[in-house]
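Let me begin by presenting the structure, written as structure tokens, before commenting on it.
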There are 2 protein chains.
Amino acid sequence: MELIQNPSFEEAAELLKEYLSREYTVQVNGLCTVNYRGRAKSKLDRGERILLKKQDSALLVHGPENYQPKNWQPEVDSFKVEIEEEGLVLKALRRNPDEVVEVFFDEISFITVDQLVDKSELKIAGHEVDIHEAIEENPEIVEDGLKVVEREKETDAGFIDVFARDKDNVYVVIEVKRNPDYNTVLQLQRYVEEIDDEFQGDIRGILMAPKLSEKIQDYLEERGLEFVGVEMAQIIPSYEAVDNSQKGLSDFKPSHSLE
Amino acid sequence: MELIQNPSFEEAAELLKEYLSREYTVQVNGLCTVNYRGRAKSKLDRGERILLKKQDSALLVHGPENYQPKNWQPEVDSFKVEIEEEGLVLKALRRNPDEVVEVFFDEISFITVDQLVDKSELKIAGHEVDIHEAIEENPEIVEDGLKVVEREKETDAGFIDVFARDKDNVYVVIEVKRNPDYNTVLQLQRYVEEIDDEFQGDIRGILMAPKLSEKIQDYLEERGLEFVGVEMAQIIPSYEAVDNSQKGLSDFKPSHSLE
DNA sequence: CCGTGCAGGTCGCTG
DNA sequence: CAGCGACGTGCACGG
């Protein structure tokens, strides 16, 4: 790993030209201004920030606050580095969409270059697809007597998550959503109408989600559709909720909220 | 700024306990394993990563690739740092939703602590609300003779972005969307039906967006609704598109794509 | 504090 | 390559 504190702009430019477009992780901390132009247009005045260029060319400019970067480029097709009067300019261009991020550094407090090794994959449980699978393996989590007919059934209106029949053999359209909103209701309604055209007769529509706001539930039921809740523990056997109720002895709370 | 290369776990723990819960930006580069439990559950095996704790307590764990962090916590309510056998553990707990991120460090290549100063605000132009305003100021960007009646008009089906009358005095419901999809069409249709109930007579529905896929446009027109495109230059006077057509002499392309 | 909808969303999968 | 939908979406704004 290479790390230079308070590099001259020449040193920094040399390092950047050497490593920016290769599979290295490059970090530059310093005082900068950032412009973006593309799908929208943005301007960010001088401030101290952390620039991160990742090994797949992704570029992030993080300010001292917030989860999200102030500016970014998910994939850069071409970098440009120049030394201007009293500063260093880094431009990151991207095609499709055509966009450019320009970072003007006034001061650089340090710069590091490294190749990080990380082969491991992130394993996540609890996505929507896990709910689909849980339903297929265990249809009674929806309701007793349910029989799954088809998953990902294609219709003119799109794909139905789960298509089934209930204990009375009535067709059931199930829409699974982690975070349902009003549009989810419209979408389900659209599916039910579509299936109604195809199969005639009564069709039930069920929205399955971890939770549903009261207003959306009303909106749903006005349309003759139903809601069924699903718990994480039902779909992830090993799941245990986080218990924050008693705090440990050794923990300490941020003072961020105090000012 | 404080920067320690290859700190001992004791040194690191001391620094973390001192600064994690205060308004400092803390960065730790090293080999770690990460677990998350909350709305879902995830496990990330050993790998070299960059941990960033921001001044508002936001926590990011970035791998060497991708725009998005591997794990994160947008707001941390309580940190915990412990030294275990041959390692250092950092836990970040959050309430609402109850979630915890645990980072187990096996090796730390460096750690920095700093207070970044960044008062400047990010100014972005080109959001949906900018399009609303552009329409209000310049109704002809929708079509000649249009008169805006009301913005954000409330109906039972939600808020209509722009409510207007055309040159023949026919009511027009305009839905503005930066990234329209099928649901946008349904939403617009709902609004038109709602307005139809209220005002009777012919009602036009217009979807205004930077672009619209052909299939969605068909879907829209099947329902008797219309599409009007909007250009960035129409809503941001100073906007100039990025011209990537000819590459500069001094730029250089990433080799990332080559392997 | 919760509910609601936008985002330069990003990302991954499928046709 | 574009279309389409999920996301531990995050985030800002309004009730």
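Residue numbering restarts at 1 for every chain, and letters A, B, ... go by the order of the sequence lines. Since the structure is predicted, the reported quantities are computational estimates derived from the model, not experimental observations.
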Ignoring hydrogens and angles, write down the donor-acceptor pairs under 3.5 Å from the side chains of residues 62-73 of chain B, residues two or more places apart or on other chains.
{"from": "B:H62", "atom 1": "ND1", "to": "A:K54", "atom 2": "NZ", "distance (Å)": "2.7"}
{"from": "B:N71", "atom 1": "ND2", "to": "B:S42", "atom 2": "OG", "distance (Å)": "3.4"}
{"from": "B:Q73", "atom 1": "NE2", "to": "B:A92", "atom 2": "O", "distance (Å)": "3.0"}

Notebook entry, point to check: Got a salt bridge between A:R94 and A:E99, using NZ or NE/NH1/NH2 to carboxylate O under 4.0 Å?
Noted result: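 Answer for the salt bridge query: yes.
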Notebook entry, point to check: Pairs in or reaching into residues 216-229 of chain B: which pass salt bridge (Lys or Arg N to Asp or Glu O under 4.0 Å), with residues at least two apart or in two chains?
Noted result: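 Passing the test, one end in residues 216-229 of chain B: B:R204-B:E226.
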What is the distance from [atom1] of [X] to [atom2] of [N], rounded to the nearest Å?
X: A:D56; N: C:dT10; atom1: CG; atom2: C1'; value: 13 Å
X: B:L188; N: C:dG5; atom1: CG; atom2: P; value: 15 Å
X: A:Y219; N: C:dT4; atom1: OH; atom2: P; value: 11 Å
X: A:L122; N: C:dG12; atom1: CG; atom2: C1'; value: 14 Å
X: B:H62; N: C:dT10; atom1: NE2; atom2: C1'; value: 13 Å
X: B:R94; N: D:dT9; atom1: CZ; atom2: C1'; value: 11 Å
X: B:L60; N: D:dG10; atom1: CG; atom2: P; value: 11 Å
X: B:N71; N: D:dC7; atom1: CG; atom2: P; value: 16 Å

Given Watson-Crick and G-U pairs under 3.5 Å, DNA chain D in dot-bracket ([ ] crossing, | other strand) is |||||||.|||||||
Open item on the list: Between B:P180 and B:Q187, is there a side-chain heavy-atom distance shorter than 4.5 Å?
Closed with: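 No, side chains not in contact.
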Practice task
Decide yes or no on side-chain hydrogen bond (donor to acceptor under 3.5 Å, both in side chains) for A:T33 and A:N35, but give the supporting numbers first.
Solution key: CA-CA 7 Å; A:T33 299; A:N35 289 328; over 6 Å; no
So which one's nearest nucleotide on DNA chain C is more toward 5', B:Y67 or B:D161?
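Upstream on the strand: B:D161.
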Atom C1', compared across C:dT14 and D:dG8: separation rounded to whole Å =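 24 Å, rounded to whole Å.
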**Study point:** No-H, no-angle donor-acceptor pair, B:E99 side chain to D:dG8 base, under 3.5 Å
**Key:**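 Under the 3.5 Å cut-off, the side chain and the base do form a donor-acceptor pair.
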**Report entry** Contact residues, residues 36-49 of chain B to DNA chain D [heavy atom, < 4.0 Å]
**Finding:**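 Output list: B:Y36, B:R39, B:A40.
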| message | Starting the side chain at C-beta, find the nucleotide from D:dA6, D:dG10, D:dC7 nearest to A:H127. | response |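 Selected nucleotide: D:dC7.
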Partners of [X] by salt bridge (charged side-chain N to carboxylate O under 4.0 Å, His left out), sequence neighbours excluded?
X: B:R37; value: none
X: B:E75; value: none
X: B:K153; value: B:E150, B:E198
X: B:R190; value: B:E194

- Item | Rounded distance [0.5 Å steps], CD1 in B:I235 versus CD in B:E133 |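 Answer rounded to 0.5 Å: 10.0 Å.
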CG/A:L225 to CD1/A:I203 distance, rounded to the nearest 0.5 angstrom?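 Answer rounded to 0.5 Å: 12.0 Å.
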Scan nucleotides 1-5 of chain D against the protein and return all N/O pairs shorter than 3.5 Å with their distances rounded to 0.1 Å.
{"from": "D:dA2", "atom 1": "OP2", "to": "A:N96", "atom 2": "ND2", "distance (Å)": "3.2"}
{"from": "D:dC4", "atom 1": "OP1", "to": "B:Y182", "atom 2": "OH", "distance (Å)": "2.9"}
{"from": "D:dC4", "atom 1": "OP1", "to": "B:K215", "atom 2": "NZ", "distance (Å)": "3.4"}
{"from": "D:dC4", "atom 1": "OP2", "to": "B:S213", "atom 2": "OG", "distance (Å)": "3.2"}

Among all residues two or more places apart in sequence or in another chain, which pass the side chain to side chain contact (heavy atoms under 4.5 Å, CB included) test with A:Q234?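 Partners of A:Q234 under the side chain to side chain contact (heavy atoms under 4.5 Å, CB included) test: A:I141, A:V230, A:E231.
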Check your understanding: Got a sec, which residues hit side chain to side chain contact (heavy atoms under 4.5 Å, CB included) with A:K211, two or more places apart in sequence or on another chain?
Key ->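 So A:K211 forms no side chain to side chain contact (heavy atoms under 4.5 Å, CB included) with any residue.
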Tell me whether the side-chain N/O atoms of [X] come closer than 4.0 Å to OP1 or OP2 in [N].
X: B:W72; N: D:dT9; result: no
X: A:N179; N: D:dT9; result: yes
X: B:R178; N: C:dG9; result: yes

Between A:D45 and B:K119, does the salt bridge (Lys or Arg N to Asp or Glu O under 4.0 Å) criterion hold? Intermediate values first, please. CA-CA 9 Å; A:D45 285 330; B:K119 307 284 188 200; over 6 Å; no
| request: Fit a plane to each ring of B:Y182 and B:Y219, take the angle between them on a 0 to 90° scale, and name the class: parallel (under 30°), tilted (30 to 60°) or perpendicular (over 60°). | output: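 B:Y182 vs B:Y219 ring planes: perpendicular.
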So which one's nearest nucleotide on DNA chain D is more toward 5', B:P74 or A:E175?
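Taking each residue's closest nucleotide, the earlier one in sequence belongs to A:E175.
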(request) Specify the residues of residues 130-139 of chain A, ordered by number, for which at least one heavy atom lies under 4.0 angstrom from an atom of DNA chain C. (result)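 Of all residues in residues 130-139 of chain A, none places a heavy atom under 4.0 Å from DNA chain C.
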